[in-house]
Amino acid sequence: MKTSRPIVVRISPTAILHNYRLAKRRAPDTKAFAVIKANAYGHGQWRAVEALRGEADGFAVLECENAVALREAGVTQPILLLEGLFSARDVRAVVEHRLTTAIHCQEQLELLLQHADPSAAVSLCLKLNTGMNRLGFTEKTLPAARAALQRLPNADITLMTHFAEADGERGVDWQLARFKSLAGDWAGRCCLANSAAILRHPQTHADWVRPGIMLYGASPFVDQSAADLGLQPAMTLQSAIIGIQEIGAGERVGYGGTFTAERAMRIGIIACGYADGYPRHAPSGTPLAVCGQRTTTVGRVSMDMMACDLSEIPEARIGSPVTLWGRGTAGDVPADEVASAAGTIAYELFCAVAPRVPVEVEAS
Ligand SMILES: *Cc1c(COP(=O)(O)O)cnc(C)c1O
């Protein structure tokens with residue numbers, strides 16, 4: 001719903017396409033499943049599909065219903081179900097709509113065998129657990145899976161795994177070693193890398209990669225910024241100043257009075273709160289921009305409003321534009337910086353933007 005309350009989330013399809021192309025340049029000889037789960041990390045599944053449909057080699061989603069909707073909308077590329085099958089209906093949809101499904105446990109494999117014609121040309125990503133310890137077959141459970149797969153002679157199989165620490169110090173080589181040991185003499189296709197592995201670990205690129213967060217212009221790393229990686233922010237959360245208070249030294253701001261002014265200050269009240277998806281745990285000092293100038297939050301974030309310091313921005317008035325994160329009129333406020341101040345990651349900020357925030361799609 002278009003509202004006159006000044007908050008808006010702006011989505012840039014051009015940035016998503018730019019970031020996808022960057023993933024492809026960093027992993028030049030591989031194909032990429034653009035990961036659009038969780039409503040494209042809060043950017044809108046269809047907006048991401050529209051941005052990428054002419055270029056993405058494939059798409060990755062969670063829900064079979066979403067994959068079918070993509071097919072029905074004319075998406076012809078491979079579509080990967082990242083968590084695989086949940087029901088007999090999913091099996092039938094995978095066959096009928098030529099979806100690619102992860103298979104991560106024997107139960108899923110049995111479900112498939114039970115409801116698919118054994119001669120069907122199903123496309124599978126057999127998921128190996130190489131240390132994430134979330135989903136996938138291990139040394140113990142893989143032999144039974146391999147045996148069961150003999151019963152699907154026309155299955156098209158890719159081996160898949162997921163990295164737990166591609167963004168961190170431990171890296172990926174320990175998981176790659178386990179992958180190679182599990183794969184044995186496997187000469188078929190492999191699909192391993194998330195954004196962090198695409199950007200830092202070229203030895204993981206293999207046949208297919210799965211970029212997620214980088215498509216949306218945030219960094220998977222704590223020690224390297226999105227701008228430094230050449231990524232463009234695809235989401236800008238913007239609002240405006242709706243109130244101004246001149247306060248004296250010793251005055252406190254907001255619920256709980258967690259912020260006390262040490263000197264006279266000019267405080268701006270912004271139409272954005274945790275009910276809009278802004279993190280309530282963002283402490284005083286979290287960055288934002290008013291009139292294009294960087295400043296910080298002050299006091300606790302409340303449901304519909306939050307406060308900021310306007311002491312050094314004398315031109316700020318009621319109605320002045322505020323960038324909570326994303327593209328500013330004079331420089332970006334990286335979502336990664338806001339997330340880090342709030343003790344979370346940009347993934348969570350993006351996914352948390354509330355349905356009540358009107359969306360504007362930037363013209364490409
Ligand atoms: C979400 C997800 C990705 C994308 O990860 P990013 O860190 O966002 O690049 C890749 N693979 C799997 C299995 C996922 O669930």
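Atoms within each ligand, like the ligands themselves, are counted from 1 in listed order.
Of all protein heavy atoms, the one lying nearest to atom 11 (N) of ligand 1 is R210 NE, 2.8 Å. The protein heavy atom nearest to atom 1 (C) of ligand 1 is K37 NZ, 1.4 Å. With respect to atom 7 (O) of ligand 1, the closest heavy atom belonging to the protein is Y347 OH, 2.6 Å. Among all protein heavy atoms, the one lying closest to atom 12 (C) of ligand 1 is H162 CE1, 3.4 Å. Given atom 4 (C) of ligand 1, the protein heavy atom at minimum distance is Y41 OH, 3.4 Å. Atom 9 (O) of ligand 1 has its closest protein heavy atom at S195 OG, 2.5 Å.
Contact atoms of ligand 1 toward L82: 12 (C), 13 (C) (distance under 4.0 Å to a heavy atom of the residue). For ligand 1, the atoms closer than 4.0 angstrom to any heavy atom of I213 are 6 (P), 8 (O), 9 (O). Interface of G212 with ligand 1, defined as ligand atoms under 4.0 Å from a residue heavy atom, comprises 4 (C), 6 (P), 8 (O), 9 (O).
Judged by distance alone, the side chains of Q203 and D173 do bring a donor and an acceptor atom under 3.5 Å apart. In the model, E110 has a side-chain atom that pairs as donor or acceptor with a side-chain atom of Q106 under 3.5 Å.
Residue contact check for ligand 1: F33 places no non-hydrogen atom closer than 4.0 Å to it.
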Stepwise side chain to side chain contact (heavy atoms under 4.5 Å, CB included) check, N129 with L135: CA-CA 6 Å; N129 173 9; L135 300 179; over 6 Å; no
R89 vs E65, salt bridge (Lys or Arg N to Asp or Glu O under 4.0 Å): CA-CA, chis, key distance, verdict: CA-CA 10 Å; R89 197 162 148 250; E65 293 78 2; 3.7 Å; yes
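For E262, the CD atom is loosely surrounded, since the number of other residues' heavy atoms within 6.0 Å does not exceed 12.
The shortest distance between side-chain heavy atoms of V338 and L288 does not fall below 4.5 Å.
A salt bridge links D156 with R189: the closest approach of a Lys/Arg side-chain nitrogen to an acidic carboxylate oxygen falls below 4.0 angstrom.
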